[in-house]
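Below, chain A is the first sequence line, B the second, and so on; all start at residue 1. Computation of the quantities below employed the complete heavy-atom set of this structure, encompassing side-chain atoms and omitting hydrogens, waters and symmetry-equivalent molecules. Quick caveat: nothing in here was measured; it's all calculated off a predicted structure.
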Amino acid sequence: MSVPAGQLAYYKQVWSFVRQVPTGKVVTYGQIAQSLPEPLTLDIDEQALPAARLVGSAMAASPADVPWHRVINSQGKVSNRPEANKQVQLLEAEGLSFLQGRIDLNQHQWHGSNQADQPKLQQLF
DNA sequence: CGCTTGACCGGAA
DNA sequence: ATTCCGGCCAAGC
């Protein structure tokens with residue numbers, strides 16, 4: 001009881017987060033990992049960086065109702081995978097602009113209800 | 001049960 | 001800018 005398989009619970013959190021991402025916005029694996037409440041088995045304090053890999057694994061098993069294409073890496077580019085090309089097309093279809101093969105995270109990265117994740121950038125001019 | 005890979009991240013050379 | 005390394009967890013063979 002309590003704390004089932006574990007990873008499955010974490011996966012659900014990831015999917016839930018991705019499902020909240022609106023059209024035309026993107027999120028990074030690290031962002032998700034850091035935005036999630038608690039990685040269960042992970043006793044880390046504030047280091048959710050390695051958890052980003054779990055997010056990738058979770059996305060690998062993400063159901064069809066999850067906009068997986070809105071999840072990109074911290075580099076602002078789509079992950080290296082056969083479907084990456086398709087992901088770019090989907091993002092472009094949502095109105096996203098690719099600059100030199102990468103997206104401007106500062107402008108397109110979606111910030112959930114978690115404002116603690118907001119970048120320190122304030123000068124959009 | 002043990003080793004290898006993986007839709008990652010950050011830092012250093 | 002690119003390339004290499006270490007780190008953490010889970011799934012596959």
> So with a 6.0 Å cut-off around CG of A:Asn80, is the heavy-atom count from everything else above 12?
Replying inline: no
> Whole-Å distance between B:dG6 P and A:Asn80 CG?
Replying inline: 10 Å
> Using atom P of each nucleotide, how far apart are C:dC4 and B:dT5 to the nearest Å?
Replying inline: 16 Å
> Is the centre of the A:Tyr10 ring less than 6.0 Å from the centre of the A:Trp15 ring?
Replying inline: no
>> In whole Å, measure the gap between the P atoms of C:dC5 and B:dT4 for me.
In response: 16 Å
> Quick one: A:Tyr11 OH to C:dC9 C1', roughly how many Å, whole number?
Replying inline: 9 Å
> Between atom CG in A:Asn73 and atom C1' in B:dA7, what is the gap in whole Å?
Replying inline: 9 Å
> What's the closest nucleotide to the A:Trp68 side chain, out of B:dA7, B:dC9, C:dC9?
Replying inline: B:dA7
> Nearest of C:dA1, B:dA7, B:dC9 to any side-chain atom of A:Arg102?
Replying inline: C:dA1
> In whole angstrom, what separates A:Arg70's CZ from B:dA7's P?
Replying inline: 21 Å
> In whole angstroms, how far is the C1' atom of B:dA7 from the CD1 atom of A:Ile103?
Replying inline: 14 Å
> Which of the following nucleotides, B:dC9, B:dA7, C:dC9, is nearest to the side chain of A:Ser62?
Replying inline: B:dA7
> Among the nucleotides B:dC9, C:dA10, B:dA7, which one has an atom lying closest to any side-chain atom of A:Arg81?
Replying inline: B:dA7
> Just by distance, with hydrogens left out, do A:Ser57 and A:Tyr11 show a side-chain donor and acceptor under 3.5 Å apart?
Replying inline: no
> Once you round it to whole Å, what is the distance between P of B:dG10 and CD of A:Gln34?
Replying inline: 9 Å
> Would you find a donor on one side and an acceptor on the other, under 3.5 Å apart, between the side chain of A:Glu83 and the backbone of A:His69?
Replying inline: no
> In terms of side-chain heavy atoms of A:Ser74, which of B:dA7, C:dA10, B:dG10 is nearest?
Replying inline: B:dG10
> Is any side-chain N or O of A:Ser57 closer than 4.0 Å to OP1 or OP2 of C:dC9?
Replying inline: no
> C:dA11, B:dC9, B:dA7: which one has an atom nearest the side-chain heavy atoms of A:Met59?
Replying inline: B:dA7
> Rounded to whole angstroms, how far apart are CG on A:Leu54 and P on C:dG7?
Replying inline: 17 Å
>> One thing to verify: whether A:Lys25 and A:Glu94 come together as a salt bridge, which I'm taking to mean a side-chain N less than 4.0 angstrom from a carboxylate O.
In response: no
